[in-house]
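The model shown is predicted, which means the values in this text are computed figures rather than measured ones. All values below come from the heavy atoms of this structure, side chains included, with hydrogens, waters and symmetry mates left out. Protein chains get the first letters and strands the later ones, always in sequence-line order, with residue 1 at the start of each.
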Amino acid sequence: MPPRSSSSAPSWCFTTPAATPARRVPSPSISRSTDRGSSSGSPWKPRPTESPTLVGTRFCPPTTGGARTMDETPLEHERRGKVLRLRAAGIEPYPWSWPDRVRSGEVRRRAEALAPGETDPGSPVRVAGRIRAFRTHGRTAFADLEDADGPLQLLLRADDLGEEPYRGWLRDLDPGDIVGAEGHPARSKRGEVSVLVGALTLLTKAIAPPPEKFHGLKDAEERLRRRYLDLIASAESRERFSARSRIVYELRRFLDEAGFLEVETPILTPVAGGASAEPFVTHSRYLDEDLSLRISIELYLKRLLVGGFERVYEIGRCFRNEDADTTHNPEFSLLELYWAYADYNDMRSLVERLYERLGGIVATLLPDRPGAQAAAREFRPPFAQIDFVEALEETMGVRGLLERSPEELARRAREAGAHLPPHASPGRCLDKLFGHYVEPTLRSPTFVMDHPALTTPLAKRHRRLPGRVERFELFYQGVELANAYTELNDPDEQELRFRDQVGESGEDRYAYDADFVEALRHGMPPSTGIGIGIDRAVMALIGAPSIKEVLLFPQTRRRSAPAP
RNA sequence: GGGCCCGUAGCUCAGCCCGGUAGAGCAGGCGGCUCUUAACCGCAAGGUCAGGGGUUCGAAUCCCCUCGGGCCCGCCA
């Protein structure tokens, strides 16, 4: 670390040569001219040979390279002119680095003890961030800087910075520019935590202006398409996505502590199985075969149970070539977990502890978000449990539902508003009925238990209840948050169910995975498995109304070219 | 796939019902101001009214089509 201080003057004083670190070689700043003592001739007087049009009309950029392009706005044109002027003055608008930086939180801590108008006499700090607002006030100016820790005011005075820089390049500074400032923690006379700046360095010139400083970016479409602007303008948005990252991080920690091993399995697969959904299909030139992007992770993870791994999970992107809406995106993140020698009761208890942990995390992360606070309150074990059939019969006011004819079930489902194909299976009808009558009523966390076997071909039959499988789904606020089974591990039954599915649907969307059946023949231990949609889990935990609020870049249509 | 709503300056929005020179604030320009914080004061500028077509003497405004987005319903474990 090179020496920072000078014996002759306060180290932060703008006009002191040692004001900036000696190693700051590739990072020219406004202190550059004084650094090198080039006192002859101000860099602010444009040299006529280089940019003649700067004389007289300050804001008419030079013609060389300054011509306004077709799709450039007047504002951007103006800012490009500033770039040229800065370069003409020997200031690099896009320097290389800004070492020894502290974040605004550090400054805030040091300035907290100060009285209004007081300056911390200790060592200077170097901060960096984007300028959100700029208030000039004659020979004093205020800039609102923002970095990862939040906002921080810069207090800039001509007396500190020097006449030429203050009247010169500071005027070419705009909201949206990224700057580095060196100076002392201070409080303004009004008490605002600030940095009393001794030297200000342009770190990145923004050509395009940021969103409006007070209202931000509201247009829903623009917020999705240009998420970076949403993030610049909205602390709430930044916190939301940070919270998502933390949720996934805590999820991994929880599972690792529980002894589960994270693995990675193929996304490009010959057969997209494990769920009923339309896959995206692509083509391998190497194999000269069509491959599907996975729609679930299930069948590969179960192969690992056959292979001897006893607790595995994967968190990964899955893809379904279907519509997008407030709860669906064509690509989404799925957690699947498989646990040998355990059953769905063990899994239920794991899920309770998991959501309890995550609820506590979001409550801490997002103290001002009602949805997050509600989640922390609600996800307290034990969660409610209801029996699939009992709950449905009670809500519908019908007895013996499982003994009703397929025709009656289809009729009742259609009466409930479901659009069903002519020969919809009874299982499908029961699913529809449950989705219509019961699911919307499940507001607090509720396990729906022991589905009819008809609705769930891939789970193991119930050990006591005939016609049922060992399965649970977790619902919260009417949305499914988890789906778990005691897994089917009988290879012959698995083969039959694959065949039934393919035959019954009459569609090619159900894929017969012969290789998976072959794996089961070698013996998969009794196991339980679960799938949790990460995006929906995050939505539930933070109270987001749409999946687009928890996806950084949700799928959007290509912007169309103007019609001819 | 069906219904409803939205698209005006870089950003946030008026104007649209009831057709008659397209407005404001922020941001940007010029000038002023040594403690402001949505700073303030003065001046000047900034537009493919999403795109195309139609009605009309005249269309941001009325009608049709297209594009993009949002919400609801449907479809999709």
Exercise for the section: Step by step, work out the ring pair (Phe, Tyr, Trp, His ring centres under 6.0 Å) result for Phe388(A) and Phe434(A). Expected result: CA-CA 8 Å; Phe388(A) 183 102; Phe434(A) 193 84; 4.2 Å; yes

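- Phe383(A) meets the ring pair (Phe, Tyr, Trp, His ring centres under 6.0 Å) test with Phe379(A), Phe447(A); sequence neighbours excluded.
- With rounding to whole Å, Leu156(A) atom CG is found 13 Å from U37(B) atom C1'.
- Within 6.0 Å of CZ in Arg227(A) there are more than 12 heavy atoms belonging to other residues, nucleotides or ligands.
- Within 3.5 Å, no donor on the side chain of Glu192(A) pairs with an acceptor on the base of U36(B), nor the reverse.
- Side-chain to base pairing of Thr140(A) with U36(B): no donor and acceptor N or O lie closer than 3.5 Å to each other.
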Atom pairs under 3.5 Å, N or O on each side, protein against nucleotides 9-15 of chain B: can you list them with distances?
unit_1	atom_1	unit_2	atom_2	d
C11(B)	O2'	Glu212(A)	N	3.0
C11(B)	O2'	Gly216(A)	O	3.0
U12(B)	OP1	Lys218(A)	N	2.8
U12(B)	OP1	Asp219(A)	N	2.9

Handout entry: Evaluation steps, side chain to side chain contact (heavy atoms under 4.5 Å, CB included), between Glu390(A) and Met449(A)
Key = CA-CA 10 Å; Glu390(A) 283 174 19; Met449(A) 307 292 302; over 6 Å; no

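- Counting any heavy atom pair closer than 4.0 Å across all strands shown, Tyr485(A) reaches a base atom.
- U37(B) atom P lies 19 Å from atom CG of Leu145(A), rounded to whole Å.
- To the nearest angstrom, C1' of A50(B) lies 12 Å from CZ of Arg225(A).
- The distance from atom CG of Leu173(A) to atom C1' of A27(B) is 14 Å, rounded to the nearest whole Å.
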